Each structure stands twice: as structure tokens, then as C-alpha cells.
A.B. asks: 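Here's a structure for you.
Being a predicted model, the structure only gives us computed values, none of them experimental.
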2 protein chains.
Amino acid sequence: MKVLIVFAHPDKRSFNYSLLQAAVKRLEENGNEVKVSDLYRMNWKPVVDEDDFLNHEKGTRLKITAASALAFKEKKLSADVLAEQEKLAWADTVIYQFPLWWMSLPAILKGWIDRVYASGYAYSVGPHDATHFGYRYGDGVMKGKKAFLITSVGSAVEHFSERGIGGPIEDVLFTLNHGMLFYPGFTVLPPIVTYRADSRRDEVYKNAEKAVLERIDNIDNVEPIHYRVQNAGDYVIPELTLKEGLEKPGDSHYDIHIKKD
Amino acid sequence: MKVLIVFAHPDKRSFNYSLLQAAVKRLEENGNEVKVSDLYRMNWKPVVDEDDFLNHEKGTRLKITAASALAFKEKKLSADVLAEQEKLAWADTVIYQFPLWWMSLPAILKGWIDRVYASGYAYSVGPHDATHFGYRYGDGVMKGKKAFLITSVGSAVEHFSERGIGGPIEDVLFTLNHGMLFYPGFTVLPPIVTYRADSRRDEVYKNAEKAVLERIDNIDNVEPIHYRVQNAGDYVIPELTLKEGLEKPGDSHYDIHIKKD
């Protein structure tokens, strides 16, 4: 495999960085090639602004989607963004590793998505016709590549269980797995989530490392999350509503967008 | 009212900035005091790092929660964070206004949450005993204050409907409304969401402005989202799972955490 790990934690002595090192070591031992985008060490710029688009006339109105599309088309995205897109093109597997802060990505990683996922590249791609609403959700630039999340939370697993106050972890991570990974075409593998990552460090770390190494060793056999492909007939176009009767009885909310057999 | 608007868009000629100006004007006309944290114009630093904690010894291990708690306790959070906390203390109503990028906050605003919501301030507060699991979800430093989101998306409303491919908008925004606003104690009013904000600008803008001005004029009469308070008896402590039988028949996922009568 050619694996890109996009990593977000400020401290190299952290739980997450140790896990990163273990993952890189095992990947390389198994004969894979690995690149790491270590966002803190790269001093990654997280903020979308006019400097991202080298062909944008400074000080004029900045419509993000249009400016991004034009810069992508004319190869005028800033060099740091292009470098990340090249890594993505090179990789067949992408891992996003981060602590879950306020139910979502740390800002530096959100800013990687905001900037690298350019218009014409990761969104606003493909035809709009009777059977297509662009290449999105299961289709797009990342098609054929696998991706998954490795994340850690301070809370106990029960807090993110079916009746837990935070909501089921599958729902909490849906906008990431489905909205950021499946959207541009990745095949999404289940996330690896460590709970109570702030406490009982040794035992928790050992279990987390075990889960990561097992994933690496067995990645070819891991069943992806079967999100429904947008343009494969399950959705009314252009409303993008799931056709009646496709979901399992009793399924609702995000669950109806996962195919179950 | 004393209203703080936390605003995230790079361009002062944008849809969102026009809406901000209209909101500020109406708020002031109605006799309210307004402060705006215009994150792009403030050049807000979005990235959590050791510079946030003035009493942290540089180059030593950075455990974010511990470092944040100690800096908050010893009044050694960086000046930009303290200034935002002072605005929050001053305000009785907080509006978060931003375009929804990749189903979530722009990085600069996520970084405002990551940094301003310090440990001991917005989380890791209050007792853990038989009836409390800290002051969280309906309790905490923001108790008694109202908050709501004003956001815009490029997609059509159907894409975020009950059967829409993105999931119901209430679910998409749950980790923001419940996880970032209700968590530190805000009373959460329904969000104001504009769809297709990239197209048919005049009509779309006019409707968005109308919704915002109506909200401002009628804010005292707006029913909040009735998220269940964590320490009020509905949840098992410390598992924080909703007690059996409290939800309406058929409700599941995030919906069970909203009280319906």
C-alpha cells in the first residue's frame, strides 16, 4: 500500500503521536510506503483566504467556491495545497488521525479539509443530469482509495453509545466519515476510536495500539461502511432523497444511508 | 440584550457579511448592545498549541486538558482567549454566524471553540457524584445565556431533509447545537439556515435577512430546543445513558435527547 497519514496533535510526546509512530513502523515493516502530513510540525495554515488562490486579484470579492474552482483549473492553488493533493493522488489509503475536540476535528485538520478539498477537485465535479448530481458520495477524485479515522476521546464509551448523551459514535462521526470521506469518493473503513484517552494511559494506549496494528495487518479483509452511492439509483435526482422503502423497517436518521443486507 | 456575534467569513462583500451588518443594525436600532468577534479581521489564531498557556514550560509535554485547566486557574491563558471569555461573560446572547463548510465550522471558528472553551471554564467543571457528572449539557458557565447559529449552505433544502443524502439538518447541526452550545450551558434557539446561498443571490439573501431580523425582533418568544439537561434525572450517572422509556415511541438516535411534550 501507499499510505498517507494526515495527523493533528501539537505534542510529539502525546498518546496520539505514539500511536502514529507505532502505525508508521508497522506499515513499513509490512512493506508499505508511508507519507505523513504532520500538520503541527508542518505549521499548516488552516484558514481559507485569498492567499490560497494565486490567480485571485487581491482585495476583490472572494467567492470561495468560484475562486477555488478557477485556481484549481488554472493550477493556481497555493503550493502547500498542491503538495497535499499530490500526496492524495499518490496514496491508495489515507488515515486521518486526531483527538476528537468538541465532537469534531481540531481546527488545524479542519483547515486541511477546507483548503485541500478544492472546488473542481473534491466538490463541484461531474455532470448534473437525469442520473447524476455531480460526482459525490461514493464517486469522485478519491474513488478506489480507502480511508478511515483514528481518533481519541476523553469520554467513556457509554457516553457515545446508542442511548448515550453524546449520541451514538456512528452518528457523531457521520459528518466526517460520510460528509468528508465518502463525499469525495473514498471507500470508508470503520473508525478506530479510543475512549478515556486521558486516563489509565498504559492500558488504554496498549489497547489502542493493538487495534491500530490489527487494522494495518488485516486491512484487506476489513468490511467498509456500506454507505449508499449517490448516483447508483437509490436516490431521487436532483432532490437526493432516499427512495421510499429502501431502508430496513425501523431505520431512520443517518442509518437509512447505510445499505444493510 | 447584550449580544456577542462570533463571525467567520473571509470577505466583507459576502452574503454572510451583509447578513451580519443587517443583524447588527437591527439589534442596535432595537436598543441592544452588540459586540462582534469578526475572526478573519481579528486575524484569529485557530490552532491550539503551547503558546496558549503562558504558565506552560515550553518544550515540555503538552497535555491539553491539564495545561488548559492550569492556565485557566492561574489566569495564564493567552490574552486573545481571555478577551473572548470576557465578551462571553458580558453577553446574555451569543450568535455564531458562518458558512457551513464540510458539514461543520470553518477552521477559524472551530479554532475559536478549541481555544476559548478552556478546561475548567467550558468543560471539566463541577462535581462528580451520585447526581452530577460535572456541569455539562444544560449546566455550566453559559447557563442563563441564549445562543443560536446562523449558517448558510450551498445545497438545496431537500439534501438535508429527513430522507436527504446529507441527513436531516437537525442531525448535521447536533454536534454544534448540543455538543458546543448546550454542553457549556447555553439555552439553544433553533438555527437559521439558508440553503443554496451560492445561487439566486438576491431572493435568497432577502429571505435570509428577513429570517434574521424576525429572530432579532421576536427573540423573547422563540421556543428553545428542549435538549435534556444532563443532571436533571433523565440520565443514568455516570454512564450518561438516557433512562429507559423516557423517549417518545419511535424516537431514536439524537432525537431521544430532545424532550417532547
A.B. asks: Quick check on A:Pro238 against chain B: is it the side chain, the backbone, both or neither that has a heavy atom closer than 4.5 Å?
C.D. replies: backbone

A.B. asks: Give, as side chain, backbone, both or neither, the part of A:Lys243 having an atom under 4.5 angstrom from any heavy atom of chain B.
C.D. replies: backbone

A.B. asks: Is there a side chain to side chain contact (heavy atoms under 4.5 Å, CB included) between B:Ile113 and A:Trp101? Walk through the geometry before answering.
C.D. replies: CA-CA 9 Å; B:Ile113 297 284; A:Trp101 289 349; over 6 Å; no

A.B. asks: Please determine whether a side-chain nitrogen of the Lys or Arg among A:Arg163 and B:Glu239 lies less than 4.0 Å from a carboxylate oxygen of the Asp or Glu.
C.D. replies: no

A.B. asks: Of the non-hydrogen atoms in B:Leu105 and A:Asp114, which two are nearest, and what is the gap between them?
C.D. replies: O-OD2, 4.4 Å

A.B. asks: Between B:Asp171, B:Ile108, B:Asp49, B:Thr65, which has the largest tally of heavy atom pairs under 4.5 Å with chain A?
C.D. replies: B:Asp171

A.B. asks: Top residue by heavy-atom pair count (under 4.5 Å) with chain B, among A:Glu244, A:Met103, A:His159?
C.D. replies: A:His159

A.B. asks: Of all of A:Pro99, A:Pro10, A:Gly167, A:Gly164, which one pairs up most often with chain B through heavy atoms under 4.5 Å apart?
C.D. replies: A:Gly164

A.B. asks: Treating A:Tyr254 as the side-chain partner and B:Val172 as the backbone partner, does any N or O pair qualify as donor plus acceptor under 3.5 Å?
C.D. replies: yes

A.B. asks: If only atom types and distance count, is the side chain of B:Lys110 paired as donor or acceptor with the main-chain N or O of A:Gly111 below 3.5 Å?
C.D. replies: no

A.B. asks: Could you tell me whether the side chain of B:Ser161 reaches within less than 4.5 Å of the side chain of A:Thr241, counting heavy atoms only?
C.D. replies: yes

A.B. asks: Looking only at heavy atoms, what is the nearest atom pair of A:Pro46 and B:Pro46, with distance?
C.D. replies: CG-CG, 3.7 Å

A.B. asks: What's the shortest heavy-atom distance between B:His9 and A:Ile64, and which atoms?
C.D. replies: NE2-CG1, 4.5 Å

A.B. asks: As an exercise: rank A:Leu39, A:Leu176, A:Thr175 by heavy-atom pairs under 4.5 Å with chain B and give me the winner.
C.D. replies: A:Thr175

A.B. asks: How long is the span from the CG atom in A:Asp11 to the CZ atom in B:Arg61, to the nearest 0.5 Å?
C.D. replies: 6.5 Å

A.B. asks: Answer with side chain, backbone, both or neither: which region of B:Ile256 has an atom nearer than 4.5 Å to a non-hydrogen atom of chain A?
C.D. replies: side chain

A.B. asks: Tell me, yes or no, whether the heavy-atom count around A:Gln85 atom CD, taken from other residues, nucleotides or ligands under 6.0 Å, exceeds 12.
C.D. replies: yes

A.B. asks: Do B:Tyr183 and A:Trp102 have ring centroids that are under 6.0 Å from one another?
C.D. replies: yes

A.B. asks: Going by residue number, which parts of residues 124-136 of chain B are within reach of chain A, meaning a heavy-atom gap below 4.5 Å?
C.D. replies: B:Phe133, B:Arg136

A.B. asks: Is there a donor in the side chain of B:Ser252 and an acceptor in the side chain of A:Ser252, or the other way round, less than 3.5 Å apart?
C.D. replies: yes

A.B. asks: Looking at A:Glu50, A:Glu247, A:Lys12, A:Lys63, which one has more heavy-atom pairs under 4.5 Å with chain B than the rest?
C.D. replies: A:Glu247

A.B. asks: Compare every heavy atom of A:His257 with every heavy atom of B:Ile165, then report the nearest pair and how far apart it is.
C.D. replies: CA-CE1, 3.6 Å

A.B. asks: Does a side-chain heavy-atom distance below 4.5 Å link A:Val47 with B:Tyr40?
C.D. replies: yes

A.B. asks: Which answer fits A:His253, side chain, backbone, both or neither, if we ask what part of it has an atom under 4.5 Å from a heavy atom of chain B?
C.D. replies: both

